[in-house]
Novice: 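Here it is, the structure, as structure tokens.
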Amino acid sequence: MSSDRLEEKHGVGKEPSPYGTDVQPGEIADNADQLHRSLGNRQIQLIAIGGSIGTALFVSIGGALNKGGPGSLLLAYLIYSFLLAMVNNSIAEMSTLMPVSGGFIRLAGKWVDDAFGFMAGWNFFFYEALLIPFEITALNLVLSFWRDDIPTAAVCAACIVLYALLNILAVKAYGEAEFWLSGGKVFLITILFSFTFFTMVGANPKHDHYGFRNWNSPGAFAEFHTTGNLGRFEGFLAALWSASFTVVGPEYISMVAAESKRPRVYIKNAFKTVYWRFGIFFICGALCVGIVLPSNDPTLVEILGGSSGGAGTAAASPYVIAMNNLGIGVLPHITNALMVTSIFSAGNTYTYCATRSLYSLALEGRAPKFLRRCTRKGVPIYCFVVVMLFPLLSFLQVSSSSSQVLTWLVNLITAGGVIDYFVMCVTYIFFYNATKAQNIDRKTFPYCGYFQPYSAWIGATGTGLVVLFYGYSSFTPWSNDEFWSHYTMVIVAPILFVGWKLIKRTKFVSATEADLVWERPIIDAYEASFMDPPMSFWTEMMQLIGLRRHLNDEKRVEAMVEN
């Protein structure tokens, strides 16, 4: 087709080009780098769920119940979900406007300070990379429900091989695998919520209408660390620290934005559904845990104390313990099996995000240049190789108990996750000031966050307080081990920032000089190249069973590339 006919049919090239008038047929790049936009709407939605729902919601939450009680647990998850909703409101606007490789990591370096991006990128990389052995360790703990003589090293090796296979393929293969694995998580949560409702009203083998009994005895607010009102407040704080590890999500959507189709639509929709996920998965999850199990349950106390062994560990899941307490025979096995797939899925997502975060660091010169190399399928191959070294840490379980390794990793990881949210809010504040200084109307953006910039300030203040005080227990009494396990990431982050700033002599980006155009022309051209409207999530779901196959979002206009 000639250039004239292309222009006539699709309206391409009608505006005079600032670079000249000669054009030729060509292809519009998906990105400014080598990543491919292959993830569809349904895959993005399920990846967002897969990354946000992992071990903590099913296993680690039991520790928070024991320390804080059901009332503190629910209140903590409500407060932290609200705090993270403020963060989501901020990163959604930026990532929808600028769905670049590396997500919020590169946005921080572009709009705040190159040193800030350096710190954010390495913090997120270590956060994601350390989560991989955490999930493998948790998987071994869950498998102990059936038998305690399963070779730990064999499980670790099998997980590493499977993660490698799923992530070395094209991103579309990863997305498809995560779609089905994350679907299992939704099914599991549906089972657990149904179990909670039906058993609390008496539909259990013991015909026990226990309702909210556990809120009355042993009580809604448990004492932790000290006694009295201070002890109950410290129990709430312990539950809040648990929520800061469990309630996640916005960062994973930001990271997949560069490899999603139609990001201005699909990524925006994914961010908008985060609020529902917080309410349904995390807040309702905290409520259900406090209903089905008392905070002083003997089995839970033994597991947390490390004195329970064999099948009694039950992966330390409050749900499985509750099922056993009620004499339910088959459901614990179904739950545990789905828990295995859920935990494996979370580790798979962390492998993907760690690889992409390292790749984004290389793109900006914050990591060695050779890490920019991608395969023809758009997989950063050398970044992938580096990331696959971290799952080897899971072999620490061979010489130490799974529960102890789990505790070490949780303490190291939690601060890193909260730091990421602080980074997102600070980046948005700089971004917002830049739009004001440059007289840009935010309502013209694909997504305009509500209650800004106050939302970002609330998020930054809240996450800042959480990351500073969540390891307070190490001070009363003083404990070297606890201090370093809680505050290592908090100490490392400012060192990374100051060190890079001194070495590179970076400066904070002024509001008037911030580049709010950046990769927008490439993304705009990519979005404009589609001939058909974007497909909804449910349309893509129906196509899985053979319906509405005539619809697709693959047809694209032949691009007009300037000479």
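No hydrogens, no waters, no symmetry mates; every other heavy atom, side chains included, goes into these values.
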Novice: Would you say the side-chain atoms of Thr512 and Gln438 include a donor-acceptor pair closer than 3.5 Å?
Specialist: no

Novice: Which heavy atom in Ala286 sits nearest to a heavy atom in Leu73, and how many Å separate them?
Specialist: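 Answer, listing the atom of Ala286 first, then Leu73: O-CD2, 3.6 Å.
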
Novice: Give a yes-or-no answer on whether the side chains of Ser357 and Glu128 include a donor-acceptor pair shorter than 3.5 Å.
Specialist: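 No, Glu128 and Ser357 have no side-chain donor paired with an acceptor closer than 3.5 Å.
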
Novice: For a 4.5 angstrom cut-off between non-hydrogen side-chain atoms, does Thr427 reach Lys110?
Specialist: no

Novice: Test of understanding: with salt bridge (charged side-chain N to carboxylate O under 4.0 Å, His left out), list the residues that count as partners of Glu93, not counting sequence neighbours.
Specialist: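 Salt bridge (charged side-chain N to carboxylate O under 4.0 Å, His left out) list for Glu93, sorted by chain: Arg442.
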
Novice: Do the non-hydrogen side-chain atoms of Thr351 and Met388 ever get within less than 4.5 Å of each other?
Specialist: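 Sidechains of Met388 and Thr351: in contact.
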
Novice: Using a 3.5 Å distance criterion without hydrogens, assess whether the side chain of Gln43 forms a donor-acceptor pair with backbone atoms of Asn41.
Specialist: no

Novice: Using modelled atom types and a 3.5 Å cut-off, is there a donor and acceptor pairing between side-chain atoms of Tyr487 and backbone atoms of Leu468?
Specialist: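 Judged by distance alone, yes, a pair lies under 3.5 Å.
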
Novice: For the atom pair OG (Ser81) and CE (Met86), what is the distance rounded to the nearest 0.5 Å?
Specialist: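 Rounded to the nearest 0.5 Å, the OG-CE separation comes to 11.0 Å.
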
Novice: Output, in order, the C-alpha distance, side-chain angles, deciding distance and verdict of side chain to side chain contact (heavy atoms under 4.5 Å, CB included) for Val87 and Tyr428.
Specialist: CA-CA 9 Å; Val87 178; Tyr428 184 85; over 6 Å; no

Novice: Count the heavy atoms belonging to other residues, nucleotides or ligands that lie under 6.0 Å from CZ of Phe483, then report whether that count exceeds 12.
Specialist: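 Yes, the 6.0 Å shell around CZ holds more than 12 heavy atoms from other groups.
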
Novice: Measure centre to centre between the rings of Phe370 and Tyr382, then say whether the value is under 6.0 Å.
Specialist: yes

Novice: Does Tyr266 form a side-chain hydrogen bond (donor to acceptor under 3.5 Å, both in side chains) with Gln45? I'd like the steps, not just the answer.
Specialist: CA-CA 8 Å; Tyr266 296 159; Gln45 293 287 349; over 6 Å; no

Novice: Could you tell me whether the side chain of Thr246 and the main chain of Ser242 form a donor-acceptor pair under 3.5 Å?
Specialist: yes

Novice: If I take atom CD1 from residue Ile132 and atom OG1 from residue Thr137, how far apart are they, to the nearest 0.5 angstrom?
Specialist: 11.5 Å

Novice: Taking Asn123 for its side chain and Met119 for its backbone only, find out whether a donor-acceptor pair lies under 3.5 Å.
Specialist: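 Between the backbone of Met119 and the side chain of Asn123 there is no qualifying donor-acceptor contact (under 3.5 Å).
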
Novice: I'd like to know if the side chain of Arg106 and the backbone of Leu361 have a donor-acceptor N/O pair within less than 3.5 Å.
Specialist: no

Novice: Is there a side-chain contact between Ile168 and Ile381 (heavy atoms, below 4.5 Å)?
Specialist: yes

Novice: Quick one: list whatever passes salt bridge (charged side-chain N to carboxylate O under 4.0 Å, His left out) with Arg264, sequence neighbours left out.
Specialist: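 Applying salt bridge (charged side-chain N to carboxylate O under 4.0 Å, His left out) to Arg264 gives Asp524.
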
Novice: Roughly how far, to the nearest 0.5 Å, is CD of Glu135 from CG of Leu130?
Specialist: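 Spacing of CG (Leu130) from CD (Glu135) equals 12.0 Å.
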
Novice: If every non-hydrogen atom of Ala153 is compared with every non-hydrogen atom of Phe395, which pair is closest and at what distance?
Specialist: O-CE2, 3.5 Å

Novice: For a side-chain hydrogen bond (donor to acceptor under 3.5 Å, both in side chains) with Asn167, tell me which candidate from Asn348, Thr355, Thr349 qualifies.
Specialist: Asn348

Novice: Report yes if the distance between the aromatic ring centroids of Tyr454 and Trp457 is under 6.0 Å, otherwise no.
Specialist: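 Tyr454 vs Trp457: aromatic centres not under 6.0 Å.
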
Novice: Indicate whether any N or O donor in one side chain lies under 3.5 Å from an N or O acceptor in the other, for Tyr275 and Asn88.
Specialist: yes

Novice: Measure the spacing between OG1 of Thr488 and CD1 of Ile491 and express it to the nearest 0.5 Å.
Specialist: 6.5 Å

Novice: What I want to find out is whether Arg356 reaches Glu259 closely enough, with some N-O distance under 4.0 Å, to be called a salt bridge.
Specialist: yes

Novice: Indicate the atoms forming the closest heavy-atom contact of Val155 with Leu143, along with that distance.
Specialist: CG2-CD1, 3.7 Å

Novice: Checking Asn433 side chain against Ile429 main chain: does a donor-acceptor pair fall under 3.5 Å?
Specialist: yes

Novice: Using 4.0 Å as the upper bound for N to carboxylate O, is an ion pair formed by Lys504 and Asp114?
Specialist: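 No, this pair does not count.
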
Novice: Could you report the tightest heavy-atom contact between Gly378 and Pro380, atom names first, then the distance?
Specialist: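 What the structure gives for the nearest pair is O-CD, 3.7 Å.
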
Novice: Can the ring centres of Phe245 and Phe134 be said to be less than 6.0 Å apart?
Specialist: yes

Novice: Please check if the side chain of Thr96 supplies one atom and the backbone of Ala92 the other of a donor-acceptor pair under 3.5 Å.
Specialist: yes

Novice: For Lys268, give me all partners under salt bridge (charged side-chain N to carboxylate O under 4.0 Å, His left out), at least two apart in sequence or on another chain.
Specialist: none

Novice: For Glu527, give me all partners under side chain to side chain donor-acceptor pair (under 3.5 Å), at least two apart in sequence or on another chain.
Specialist: none

Novice: Which heavy atom of Ala362 sits nearest a heavy atom of Leu371, and at what distance?
Specialist: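 Shortest heavy-atom separation between Ala362 and Leu371 comes out as CB-CB, 3.7 Å.
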
Novice: About how many Å separate OH of Tyr526 and OG of Ser529, when rounded to the nearest 0.5 Å?
Specialist: 7.0 Å

Novice: Determine whether Phe281 and Lys185 make a side-chain contact, defined as any pair of heavy atoms from C-beta on separated by less than 4.5 Å.
Specialist: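 In short, these two side chains do not touch, never coming nearer than 4.5 Å.
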
Novice: Taking Tyr447 as the fixed residue, which of Leu97, Asn89, Ile267 is the one that meets the side-chain contact (heavy atoms from CB on, under 4.5 Å) rule?
Specialist: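 Of the listed options, the one satisfying the test is Asn89.
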
Novice: Side chains of Pro391 and Ile136, heavy atoms from C-beta outward: is any pair under 4.5 Å?
Specialist: yes

Novice: Hey, which of Val248, Val289, Val247, Ile189 is the one that makes side-chain contact (heavy atoms from CB on, under 4.5 Å) with Leu57?
Specialist: Ile189

Novice: Does any part of the side chain of Val509, heavy atoms only, come nearer than 4.5 Å to the side chain of Asp113, both counted from C-beta?
Specialist: no

Novice: Quick one: does Ser455's side chain have a donor or acceptor within less than 3.5 Å of a partner on Gln452's backbone?
Specialist: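 A pair under 3.5 Å: no.
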
Novice: Could you check if a side-chain atom of Tyr352 sits within less than 4.5 angstrom of a side-chain atom of Val256, using non-hydrogen atoms only?
Specialist: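 Of all side-chain heavy-atom pairs linking Val256 with Tyr352, at least one is under 4.5 Å.
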
Novice: For residues 156-164, run the donor-acceptor check on the side chains, cut-off 3.5 Å, and write out each pair with its distance to 0.1 Å, sequence neighbours left out.
Specialist:
{"from": "Tyr163", "atom 1": "OH", "to": "Phe344", "atom 2": "O", "distance (Å)": "3.0"}

Novice: Applying side chain to side chain contact (heavy atoms under 4.5 Å, CB included) to Phe445 and Thr435, what does each step give before you reach the verdict?
Specialist: CA-CA 11 Å; Phe445 294 164; Thr435 62; 4.1 Å; yes

Novice: Would Cys374 and Val379 satisfy side chain to side chain contact (heavy atoms under 4.5 Å, CB included), going step by step from the backbone distance to the final call?
Specialist: CA-CA 5 Å; Cys374 291; Val379 177; over 6 Å; no

Novice: Are Met424 and Glu251 close enough that some pair of their side-chain heavy atoms sits under 4.5 Å apart?
Specialist: yes

Novice: Do the two ring centres, one from Phe125 and one from Phe390, sit under 6.0 Å apart?
Specialist: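 Between Phe390 and Phe125, which both carry aromatic rings, the centre distance is below 6.0 Å.
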
Novice: Judged by atom type as modelled, is there a donor-acceptor pair below 3.5 Å linking the side chain of Ser254 to the main-chain atoms of Pro250?
Specialist: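 Not a single qualifying donor-acceptor pair exists.
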
Novice: Please round to the nearest 0.5 Å and tell me the distance separating atom CG of Leu107 and atom CH2 of Trp518.
Specialist: 5.5 Å

Novice: Could you note down all residue pairs passing ring-ring contact (aromatic ring centres under 6.0 Å, His included) where residues 87-116 supplies at least one of them, sequence neighbours left out?
Specialist: Phe104-Phe124, Trp111-Phe431

Novice: Give me the atom names and distance for the closest heavy-atom approach of Thr341 to Leu338.
Specialist: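 Thr341 and Leu338 have their closest heavy atoms at OG1-O, 2.7 Å.
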
Novice: Counting distance only, does the side-chain N/O of Lys501 pair as donor-acceptor with the main-chain N or O of Thr506 below 3.5 Å?
Specialist: yes

